[in-house]
Amino acid sequence: MISRSPDIEIARPDAPEQARAGASFESLREAELKYRSIFENAIHGIYQSVNEGRFVNVNPALARMLGYDSPADMIACCADIARHYYVQTDGREAFLALITERGLLQGYEVQVRRKDGVAIWTRENVYAVRDAHGQLLYYEGSVEDITAHKQAEVALRESEERYRDLFENANDIIYTADLAGNYTSVNKVGEAVTGYSRAELCRLNFTHLVAPEHLARTHEMLAHKFTGQETTTVYELEIVAKDGRRVSLEISTRLLFAAGQPVGVQGIARDITERKQVEERLRQHALADALTGLPNRLLFTDHLKLAVEQARRQPAQRFAVLFLDLDRFKMINDSLGHGVGDQLLIAIARQLESCLRASDTVARLGGDEFAILLNDISDFDDAIRVAERVLHELKQPFKLAGHEVFTSASIGIALSNNRYQAAADVLRDADTAMYRAKAEGKARYEVFDMVMHARVVALLQLENDLRRAIEREEFSIYYQPIVALADGRITGFEALVRWPHPERGLVRPAEFIPVAEETGLIVPLGRWVLRAACAQMRLWQAISPAHARLKLNVNLSGRQFTQTDLCGHIEHTLAVTNFEPHCLQLEITESVVMENAQTIVPMLARLRALGVELAIDDFGTGYSSLSYLRRFPIQTLKIDRSFISGGAEEDAEIVRTIVLLARNMGKDVVAEGIETPAQLAQLRALDCAYGQGYLFSAPQDAAATERMLRHALDRDLRMLPASDECVA
Ligand code: C2E
Ligand code: CA
Ligand code: CA
């Protein structure tokens with residue numbers, strides 16, 4: 001239904017003047033029906049409102065748009081347009097002002113309220129309908145809901161603002177450029193990083209910024225990247241800022257398209273200069289020796305690797321490696337302090353550099369070891385001449401911190417040959433030759449030769465065999481009794497490892513212990529010895545009460561003290577073998593204790609706390625003083641065999657002194673290597689309490705030892721085959 005106001009009628013079918021013309025009445029009616037139909041069915045809202053601020057007519061579409069049940073509902077509820085319809089309080093006034101002024105409003109956008117109070121955006125076309133006298137009859141408007149459109153517009157604006165914000169406040173440079181590489185826009189960061197203003201940048205082509213040496217590569221890369229399907233690309237670049245600074249950038253660009261055609265690029269560039277610098281520092285750090293600034297082992301090996309490869313391709317390209325180790329550096333360090341030691345190393349580094357050509361490499365491998373790679377030498381004599389020059393230069397005193405420091409070096413030389421496959425091989429041979437130079441009296445050079453090569457090969461073979469033997473536990477333990485010299489009673493046994501080699505027969509420890517120590521294999525080997533010997537002794541102690549207090553001596557090498565938790569491991573072994581700690585005595589050589597006193601003493605104290613006894617082995621061969629020994633928690637001194645077998649008068653004097661002082665300090669003394677009754681008699685005369693040696697028994701395997709033990713049991717464990725005569 002069309003609601004009508006009684007005052008204003010669009011058509012007046014009952015007007016008396018029209019009743020006379022039936023035909024025109026009919027046509028009018030038709031027109032009105034048509035009009036109503038449009039009004040009723042329009043998708044846009046349509047209204048008629050009067051100046052007083054009321055709706056007189058609204059169509060269903062408008063009622064629906066504004067959430068009213070019907071046009072009548074809307075006319076009734078929205079009785080005061082100024083209050084009910086407009087969202088802005090002055091909405092109606094503004095509308096009236098405009099329409100009065102213009103008579104017609106087109107695309108008038110205004111926010112109005114729905115029945116439920118929700119505001120929507122509308123766009124209206126309105127005109128003022130007047131009668132023949134120009135008197136305003138009413139306003140007629142068509143209304144469109146543009147809320148969705150408005151929201152999209154707001155969203156777009158916000159997103160644009162966000163982009164602006166990002167663009168301006170980003171930490172990275174954001175720019176656009178045309179396809180020729182001319183910048184078209186740049187953000188603030190771009191100014192800060194490059195030092196150019198935006199206006200300047202927008203007059204620049206990227207080729208003006210890119211570091212000259214990167215230009216060709218950049219062109220090539222970009223050409224390559226942007227062909228084909230790829231539309232985005234990431235790369236690193238160095239540019240030159242306005243003030244000449246180098247700036248490293250990480251750039252990510254993508255092609256911009258218009259109508260399917262690429263028109264330019266947009267890029268984000270991050271300043272990674274600092275990161276690059278850190279990376280470079282790290283690289284330097286990884287390849288340089290911090291103290292001297294020389295290349296370190298890693299870099300040296302790299303260079304040497306190249307030399308080896310080149311020599312393999314072209315044998316005429318010869319090289320040589322000089323392995324240099326300072327003589328007595330430890331002494332300088334210990335006597336003059338580490339500061340002077342460091343200065344000496346630096347001075348030597350500079351000296352070595354001055355002896356070489358630019359194409360050679362001198363490196364510090366660590367400690368007091370240096371290496372020199374002589375590249376592309378015409379003659380091996382060149383290498384020897386360099387070695388001689390270096391030896392000569394190093395002989396001159398260095399003036400360091402007010403000291404005149406004298407030093408010398410031993411040099412091993414390895415010359416290129418077609419055997420060399422790897423850098424490590426060359427270094428190893430030079431190292432071997434260096435050891436030879438040391439052995440030959442130091443302050444000299446030796447060239448690695450075939451004899452040394454044979455020795456190295458044999459040693460490598462030994463190491464391999466040893467490794468396998470340890471895996472398979474192919475060792476056995478021999479036992480040598482330790483005897484109380486006064487009455488010949490067996491007080492215990494020293495465990496001595498043997499290696500029954502499948503081809504070489506029984507290998508003596510003197511041959512393989514040093515290799516085991518050098519390679520670290522001594523650690524698993526030592527563990528095995530301790531465990532096997534403890535388990536064996538535990539069985540023997542159980543034979544009879546007379547055996548219960550038998551002691552076990554086990555040798556520990558210096559290298560074993562570098563193993564983590566040696567003490568914990570020993571404690572564990574004692575526990576699993578159920579071996580009484582007081583019955584275990586560990587033998588450590590004098591030099592090991594003296595050279596590593598600081599680290600070893602706490603470990604010895606811990607072993608002592610467990611109840612384990614400690615002995616100094618080979619006593620007299622090192623340089624420890626007896627008074628110094630007081631500080632160590634040891635129970636026993638084992639006098640080295642050389643003092644017993646020597647027979648010289650002063651040896652006897654030394655033995656007498658050791659025995660005397662040891663007794664004063666409450667320590668036991670064991671004489672090693674007693675071979676003759678005469679030696680035994682003398683030791684007895686000197687009041688030496690214990691001894692071991694071939695006179696009593698050579699080391700024997702477990703079965704023979706057990707037989708001996710059972711046999712000696714008949715004689716209260718006494719075993720002095722020839723002693724009675726010699727004592728007499
Ligand atoms: P060491 O600890 O001084 O052992 C004593 C060495 O003297 C043993 O040599 C022994 O057989 C030998 N010997 C004993 N009595 C006499 C004698 O009257 N005359 C002579 N000429 N020699 C005698 P061995 O068994 O060849 O061991 C040599 C070295 O190897 C040992 O010297 C010790 O330092 C080391 N060693 C042996 N077994 C082990 C082990 O299990 N671990 C470690 N770290 N070292 C071991
Ligand atoms: Ca020993
Ligand atoms: Ca010894």
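No hydrogens, no waters, no symmetry mates; every other heavy atom, side chains included, goes into these values. Order of listing sets the numbers, starting from 1, for every ligand and every atom in it.
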Which ligand 1 atoms, with their elements, are less than 4.0 angstrom from a heavy-atom of [X]?
X: Glu672; result: 3 (O)
X: Gln480; result: 14 (C), 15 (N)
X: Glu675; result: 17 (C), 18 (O), 19 (N), 20 (C), 21 (N)
X: Gly673; result: 16 (C), 17 (C), 18 (O)
X: Val529; result: 41 (O)
X: Asp618; result: 3 (O)
X: Glu494; result: 2 (O), 4 (O)
X: Ser557; result: 44 (N)

### Task
Could you walk me through whether Arg527 and Gln563 pass the side chain to side chain contact (heavy atoms under 4.5 Å, CB included) test, one step at a time?
CA-CA 11 Å; Arg527 287 182 172 186; Gln563 117 193 40; 3.0 Å; yes
### Message
Determine whether a donor-acceptor pair (N or O, by modelled atom type, separation under 3.5 Å) exists between the side chain of Gln635 and the backbone of Leu614.
### Response
yes
### Query
Ignoring hydrogens and geometry, is there a side-chain-to-backbone donor-acceptor pair from Gln679 to Thr676 under 3.5 Å?
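Yes; at least one donor-acceptor contact below 3.5 Å.
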Would you say the side chains of [X] and [Y] form a donor-acceptor pair under 3.5 Å?
X: Asp327; Y: Ser408; answer: yes
X: Thr292; Y: Asp289; answer: yes
X: Glu494; Y: Gln692; answer: yes
X: Gln585; Y: Thr636; answer: yes
X: Glu517; Y: Ser557; answer: yes
X: Gln461; Y: Asp465; answer: yes

Counting only heavy atoms, which portion of [X] has something under 4.0 Å from ligand 1: side chain, backbone, both, or neither?
X: Asp617; value: side chain
X: Lys638; value: neither
X: Ile674; value: backbone

### Task
Look only at interatomic distance and state if Gly693 has a nitrogen or oxygen under 3.5 Å from any nitrogen or oxygen of ligand 1.
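No; the residue has no nitrogen or oxygen that sits under 3.5 Å from a nitrogen or oxygen of the ligand.
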### Message
No waters, cut-off 3.0 Å: how many protein N, O or S atoms are close to the Ca ion (ligand 3)?
### Response
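Considering protein N, O and S only, the Ca ion (ligand 3) has 4 within range.
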Between [Y] and [X], does any NZ, NE, NH1 or NH2 come within less than 4.0 Å of an OD or OE carboxylate oxygen?
X: Arg549; Y: Glu580; result: no
X: Arg710; Y: Glu706; result: yes
X: Glu388; Y: Arg444; result: no
X: Asp431; Y: Arg428; result: no

Nearest-contact summary for [atom] - protein heavy atom, Å:
atom: atom 43 (C) of ligand 1; answer: Asn555 CB, 3.6 Å
atom: atom 4 (O) of ligand 1; answer: Leu496 CD2, 3.5 Å
atom: atom 36 (N) of ligand 1; answer: Pro509 CB, 4.0 Å
atom: atom 39 (C) of ligand 1; answer: Val497 CG1, 3.6 Å
atom: atom 21 (N) of ligand 1; answer: Arg641 NH1, 3.0 Å
atom: atom 16 (C) of ligand 1; answer: Tyr694 CE2, 3.3 Å
atom: atom 9 (O) of ligand 1; answer: Arg508 NH1, 4.1 Å

### Message
Against Phe696, only a single residue in Ile490, Ile482, Leu485 fulfils side-chain contact (heavy atoms from CB on, under 4.5 Å); can you say which?
### Response
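Exactly one pass, corresponding to Leu485.
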Heavy-atom protein contact below 4.0 Å for [atom]:
atom: atom 6 (C) of ligand 1; answer: no
atom: atom 11 (O) of ligand 1; answer: yes
atom: atom 25 (O) of ligand 1; answer: yes

### Message
For Phe512 and Trp499, take the angle between the two ring planes, folded into 0 to 90°, and tell me which bin it lands in: parallel under 30, tilted 30 to 60, perpendicular over 60.
### Response
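Phe512 vs Trp499 ring planes: perpendicular.
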### Task
Anything under 30° is parallel, anything over 60° is perpendicular, the rest tilted; go ahead and classify Tyr479 against Trp540.
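Because their plane-to-plane angle is over 60°, the rings of Tyr479 and Trp540 count as perpendicular.
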#### Entry: side-chain hydrogen bond (donor to acceptor under 3.5 Å, both in side chains) evaluation trace for Tyr435 with Asp325
CA-CA 9 Å; Tyr435 270 104; Asp325 188 287; 6.0 Å; no
Tell me, please: is [X] in heavy-atom contact with ligand 1, that is, under 4.0 Å?
X: Gly526; answer: no
X: Pro699; answer: yes
X: Arg498; answer: yes
X: Gln692; answer: no

#### Entry: N/O/S from Asn553 sitting under 3.0 Å away from the Ca ion (ligand 2)
no
### Query
Does atom CD of Gln682 have more than 12 heavy-atom neighbours from other groups under 6.0 Å away?
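At most 12 heavy atoms, drawn from other residues, nucleotides or ligands, come within 6.0 Å of this atom.
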### Arg498 to Tyr478 six-membered ring, cation-pi geometry met (6.0 Å, 45°)
yes
